[in-house]
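Structure first, then comments.
Proteins get letters first, then strands, A, B, ... in listed order; numbering begins at 1 in each.
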Amino acid sequence: MAEVRAEMVANVWKVVVEEGDTVTDGDTLVILESMKMEIPVLVEEDGVVAQLKVKEGDVIQEGDLIAVIE
Amino acid sequence: MLTEALGSVLVANRGEVARRIVRTVRRLGLRAVVVHSEADAGLPYVREADEAVLIGPADPRASYLDVAKVLAAARATGARAIHPGYGFLAENAAFARAVLDAGLVWIGPAPEAVERMGDKINARNLMEAAGVPVAAGTREPVTDLDLALRAAERIGYPVMVKAAGGGGGIGMGLARDDAGLAKAFERAARAAARFAGGDALDGPAVLLERYAERARHVEVQILGLPGGRVVALGERDCSVQRRHQKVVEESPSPGVTPELRERMLAAAVRAGQAVGYLGAGTVECLVDAREQDFVFLEMNTRLQVEHPVTELVTGLDLVELQLRVAAGESPEVEAVVSGHAIEFRVYAEDPERFLPGPGRITAWREPTGEGVRVDSGYEEGNTVTPFYDPLLAKLCVLGASREEALARGREAVAGFVVQGPRNNLPFLTELLDTRDFVSGDYDTGLVERMRAPRA
């Protein structure tokens, strides 16, 4: 199991995956927007999206949980 | 005359540029009005203006980008002119028209010039017709991948793929082969659709241009005066970039010979004349330093972020000139460049990967000294929020020579204290110690090479 957390304060601009999706290393989970920049959040290991904690338009803080990959 | 024509000027912007415009407006005896979002209430520019109007929440779409709110603020405060700064509404022709329709003075070129230069495809074709060299590329909007692939075959890889209405490097991507083009096209098309605001009925407008390896990004500052006269105020080298966005700019360019400079300045004047340009504008070019040749990239119809570099080497105040031209004056402008100036952008971003680093500023100390100018948007106690661009301050230095400017730059960067938000001061220190930057023999790939994994 791997937790994916936010590295910075950002808005969730786009959610690319759904819970239950199979993902592989390098896939994009969500695209964040901070300071006029789009920041893709990538999967770092193969697995299934067990939990997705954000939706488009959310404002998230550094350290907030974005998703859990199993 | 200036006071009668303008009286009170509203600055439709925020941060360092709003502060810098307020300074000149007040020095000229005019009244400075600013607008701000809830998130920016505590910034220095709000306090330093004669009057400040809260126009909405942090989200720029509901504040700085809301035309109706900006115009209402002008009405409520009795402002007679609007200065848009850069970014936000600065290159929005509909906003310029709305300002004029409201009976206010627009501090910028005619809306028609903004419009013609805002579309990169249109601008390219117009420049070609005016005798300004352009890179091999597409003359019609590329609306699907199939057209893009055919165009790339004709132009030859590598190609740069751009959204026609884009700006600030957003949606821009380099493609070295068909697979890369598919990715870059998708990105640019997405950006193009975003810029069009969802009514891109004919498909996204994308353009392709031949990409020059090892090119320098050099731009010419122009000033259009009443009566059709256009003067060129030297060039700025903006080749130190990350993600196609500038980090450091200098004037003169160390990669441009006097012969090339003369040709570039003449072409920039022709470019300005071709659109009947009035006020301050910038003609961006790509320069092949080895061949000493250049092509037109785009024209920015506004005050540029890096304008202080030109102000330092010419001794001019570009904002004052913008105000005078907008008031109908025809100022005497002597385009004499002396010394060497460098601007270092201090960004709230980590110095390794350049990812945004908002946060509360717990310590802030600006360097001082001979030849040092700092245009900053923040001070100790402010919070840098994720809603706006990461520019904290512009640290500018002037020296008699490039060597002296570099030395002053090193000292000033070392003397700048920012605590709280992650920031790129360590990167600037590293840059000032990088051989290619110090020698002046660098191109737009410099930062990428500095960050490439070492073998």
Exercise. Which pair of non-hydrogen atoms, one from A:Met35 and one from B:Gly357, has the smallest distance, and what is that distance?
Worked result: SD-N, 4.1 Å
Seminar exercise, completed: Those residues at least two apart in sequence (or on a different chain) that pass side chain to side chain donor-acceptor pair (under 3.5 Å) with B:Gln419 are none
Exercise. Among all residues two or more places apart in sequence or in another chain, which pass the side chain to side chain donor-acceptor pair (under 3.5 Å) test with B:Asp178?
Worked result: B:Tyr157
Problem set entry | Partners meeting side chain to side chain donor-acceptor pair (under 3.5 Å) with B:His307 (sequence neighbours left out) | B:Arg20
Are there donor-acceptor pairs under 3.5 Å across chain B and chain A? List atom names and distances.
unit_1	atom_1	unit_2	atom_2	d
B:Arg194	NH1	A:Glu38	OE2	2.9
B:Arg194	NH2	A:Glu33	OE2	3.1
B:Arg353	NH2	A:Glu7	OE1	2.7
B:Arg353	NH2	A:Glu7	OE2	3.4
B:Pro386	O	A:Met35	N	2.8
B:Arg422	NH2	A:Glu7	O	3.4

